Amino acid sequence: MASTAIVLTVPGPHGDREVRLSSPDRVLWEESGVTKRELAEYLIEVAPAFLAANGDRPVSLQRFPGGVDGEWFFSKNPPKGAPEYVRAVDVVYPSGRRHPQLVLDEAAAVVWAAQMNTVVFHPWPSRASDTDHPDELRIDLDPQPGTDFADAVRVAGSLRELLTEVGLTGFVKTSGNRGVHVFAPIVPEHEFLYVRHAVIAAARELKRRDPDRVTTSWWKEERGERIFVDYNQANRDRTMAGAYSPRALASATVSCPVTWDELPEIDPGAFTVRTVPERLRTTGDPWAGMHDTAGRIDVLLQWWERDLEQGLGELPFPPDFPKMPGEPPRVQPSRARHSED
C-alpha cells in the first residue's frame with residue numbers, strides 16, 4: 001500500500017511553491033505527539049524569523065527517520081533529487097577537504113528539509129558568500145551536573161556586560177534544553193581560529209570574574225558544579241542548533257531567541273513547536289535587526305595575546321580535529337573510561 005502524502009503550499013520570495021510531504025501523520029516526538037505535518041507547518045509559520053537567523057549560511061541537517069527517539073544522522077551535502085531552490089556552497093572542513101554544503105534560502109527549502117525528516121538545523125556562523133570568515137561570535141553556556149538553567153542565566157548576564165565592554169552587542173536564546181546561547185554580530189574579517197581565540201579570551205576573563213560559577217576546563221570531572229563555556233563550539237564545522245530550530249527532545253522544545261529583560265523569568269521548556277508561532281505573532285522576533293550593526297573582536301584578541309604572554313596557551317580541540325599550531329597534547333573530554341554524557 002502506498003504511503004499517504006500531502007502537498008503544502010509554501011509562500012516565498014518567488015511566489016508560492018508546492019512541497020510534497022510524505023507520511024504527514026508520522027509522529028516524530030512520541031511523548032508530545034507532534035507529527036511531521038506539525039513540524040512542517042511550524043517551519044512555514046516561523047519562516048521569516050528562521051531564515052533571518054539561519055538562511056544564507058551553510059547548514060547541517062540532523063535527520064531522524066524514525067522520530068527523535070530513534071537513530072539519526074547528519075546531512076551536509078545536497079542529496080540527489082534536491083529541488084532547484086535548494087542550493088549549496090563549497091566549504092572547507094577542518095581536514096582541509098573542500099565539499100559542497102546545503103544552504104537554505106526560502107521557506108520551501110526548509111519544508112523540503114522537514115520532508116527529509118530533519119528535526120534540528122545547525123547553521124554555520126559564516127555566510128554562504130564568505131564561509132571562511134564568521135559574522136557571528138557564538139558562545140555556548142553549558143550547565144554541568146549540579147547546575148541548572150538559572151545558573152546559566154546568571155552567567156549569561158555577566159557575559160553580556162563583558163561583551164559590551166569590548167564593543168560587542170550580545171543577543172541571547174535558549175538552547176532548547178538547559179543551556180543558554182549568546183551570539184554577537186561581528187565584522188567578517190577573521191578566520192575561524194581567531195574567532196575561537198576570541199571566545200577563549202572571553203571565557204577566561206569571565207572565569208576570572210566569577211570563578212565559582214564559570215569553568216573552561218575541558219576535562220568533565222574538573223568542571224565542578226559550574227557553567228562550562230564551550231569554546232570548541234566556535235570551531236570550523238562545529239555548530240549548535242539555530243534560532244527557532246526544534247530540538248530532538250521529548251517535549252519538542254525550540255531553541256528560542258528571547259530578550260535580556262525576560263531571560264531571568266522564562267521557562268525554556270515553554271518554547272515548543274506548538275507555542276513559538278503564537279509568541280512570534282504577539283511579541284515579534286527579539287533578534288530582528290541583529291545584523292544591522294556589527295562589532296569587532298580586536299579587544300578580545302588583545303586579551304588573547306595578553307593571556308599568551310602570561311603563559312596561558314591554546315586549549316584542546318575536539319579529538320577528531322587535526323592538530324593545530326601551538327595545540328597542547330590531545331585530550332578527550334573525560335579521563336574516565338565511562339564518561340558522564
Side-chain angles (χ1 to χ4, degrees), residues 125 134-144 147-175 178-190 192-218 222-235 238 240 243 255 257-266 268 286-287 289-316:
D135 71 340
E136 290 176 347
L137 181 139
R138 300 175 172 182
I139 299 181
D140 180 16
L141 301 177
D142 185 10
Q144 300 303 294
T147 65
D148 56 20
F149 179 75
D151 295 303
V153 167
R154 283 190 286 270
V155 172
S158 299
L159 175 57
R160 182 193 186 192
E161 295 174 1
L162 186 152
L163 292 175
T164 300
E165 282 182 36
V166 301
L168 298 176
T169 301
F171 291 78
V172 66
K173 67 183 178 76
T174 65
S175 70
R178 300 190 311 136
V180 174
H181 296 163
V182 178
F183 285 25
I186 59 174
V187 177
E189 58 186 352
H190 294 286
F192 278 85
L193 184 62
Y194 291 92
V195 177
R196 178 182 187 271
H197 289 167
V199 171
I200 291 173
R204 282 173 167 157
E205 184 63 24
L206 199 61
K207 179 182 176 182
R208 287 188 190 97
R209 300 180 184 190
D210 198 355
D212 293 332
R213 287 200 178 102
V214 178
T215 179
T216 60
S217 296
W218 184 244
E222 293 178 357
R223 294 175 186 171
E225 295 184 2
R226 292 177 289 183
I227 301 300
F228 173 53
V229 184
D230 190 353
Y231 53 86
N232 272 327
Q233 293 290 8
N235 290 342
R238 288 281 163 153
M240 57 186 79
S255 182
V258 298
T259 68
W260 285 104
D261 288 341
E262 67 183 326
L263 181 65
E265 307 298 329
I266 62 171
W287 282 19
M290 175 177 171
H291 283 276
D292 289 349
T293 59
R296 286 186 160 82
I297 61 173
D298 298 7
V299 176
L300 291 177
L301 292 178
Q302 290 170 13
W303 290 0
W304 165 261
E305 294 296 331
R306 174 201 64 191
D307 290 344
L308 285 181
E309 292 174 0
Q310 295 177 358
L312 295 174
E314 186 62 270
L315 290 176

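Just so you know, these numbers come straight off a predicted model, no measurement behind them. All values below come from the heavy atoms of this structure, side chains included, with hydrogens, waters and symmetry mates left out.
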Taking all heavy atoms of [X] and all of [Y], pick out the closest pair and write down the distance.
{"X": "P316", "Y": "N232", "answer": "O-ND2, 3.1 Å"}
{"X": "P143", "Y": "A152", "answer": "CG-CB, 4.0 Å"}
{"X": "A184", "Y": "L168", "answer": "CB-CB, 4.2 Å"}
{"X": "D307", "Y": "R208", "answer": "OD1-NH2, 2.6 Å"}
{"X": "H190", "Y": "D298", "answer": "NE2-OD1, 4.0 Å"}
{"X": "A203", "Y": "T216", "answer": "CB-CG2, 3.6 Å"}

Would you indicate whether the side-chain heavy atoms of [Y] and [X] approach each other to under 4.5 Å?
{"X": "L206", "Y": "S158", "answer": "yes"}
{"X": "I200", "Y": "E314", "answer": "yes"}
{"X": "Q310", "Y": "E305", "answer": "no"}
{"X": "L137", "Y": "I139", "answer": "yes"}
{"X": "L159", "Y": "L141", "answer": "yes"}
{"X": "T164", "Y": "T169", "answer": "no"}

Start with the C-alpha distance between D135 and V187, add both sets of side-chain angles, then the distance that settles side chain to side chain contact (heavy atoms under 4.5 Å, CB included), and finish with yes or no.
CA-CA 6 Å; D135 71 340; V187 177; over 6 Å; no
Measuring from atom CD1 of I297 to atom CD of Q302, what distance do you get when rounded to the nearest 0.5 angstrom?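 Going from CD1 on I297 over to CD on Q302, the span is 11.0 Å.
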Worksheet item: Roughly how far, to the nearest 0.5 Å, is the OH atom of Y231 from the CG atom of D140?
Response: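 If we round to the nearest 0.5 Å, D140:CG and Y231:OH are 12.5 Å apart.
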Hey, is the main chain of [Y] close enough, under 3.5 Å, to the side chain of [X] for a donor-acceptor pair?
{"X": "E262", "Y": "T259", "result": "yes"}
{"X": "D210", "Y": "E205", "result": "no"}
{"X": "S255", "Y": "T174", "result": "yes"}

Handout entry: Ring center gap for W260 and F171 short of 6.0 angstrom
Key =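 Here the rings of F171 and W260 have centres that are no less than 6.0 Å from each other.
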Exercise. Can you check side chain to side chain contact (heavy atoms under 4.5 Å, CB included) on F183 and M240, steps first, answer last?
Worked result: CA-CA 11 Å; F183 285 25; M240 57 186 79; 3.7 Å; yes
Discussion item. So if I apply the ring-ring contact (aromatic ring centres under 6.0 Å, His included) rule between H197 and each of W304, W303, F192, which one comes out positive?
Written reply: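 Output: one option passes, namely W304.
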Original post:
Quick one: do the Q233 and H181 side chains pair a donor with an acceptor below 3.5 Å?
Top reply: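 Looking only at side-chain atoms, H181 and Q233 do not form any donor-acceptor pair under 3.5 Å.
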Practice problem: Test side chain to side chain contact (heavy atoms under 4.5 Å, CB included) on L315 and W218 and set out the steps. | Solution: CA-CA 8 Å; L315 290 176; W218 184 244; over 6 Å; no
Partner residues of S217 under the side chain to side chain donor-acceptor pair (under 3.5 Å) criterion, sequence neighbours left out
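Applying side chain to side chain donor-acceptor pair (under 3.5 Å) to S217 gives T215.
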Notebook entry, point to check: Centre of F149's six-membered ring, under 6.0 Å away, within 45 degrees of the axis: is that where NZ or CZ of R178 sits?
Noted result: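 Geometry flag: not set, cation outside 6.0 Å or 45°.
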For this session: Given side chain to side chain donor-acceptor pair (under 3.5 Å), test Q144 with R226 step by step and report yes or no.
Result: CA-CA 6 Å; Q144 300 303 294; R226 292 177 289 183; over 6 Å; no
Listed once per pair and sorted, the salt bridge (Lys or Arg N to Asp or Glu O under 4.0 Å) pairs that draw on residues 151-171, sequence neighbours left out |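 Listed by first then second residue: D151-R154, E165-R209.
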Test log, rule side chain to side chain contact (heavy atoms under 4.5 Å, CB included), inputs D142 and I227: CA-CA 6 Å; D142 185 10; I227 301 300; 5.7 Å; no
**Asked** Salt bridge between E225 and R213, side-chain N to carboxylate O under 4.0 Å?
**Response**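 Here E225 does not pair with R213 in a salt bridge, since their nearest N and O are not under 4.0 Å apart.
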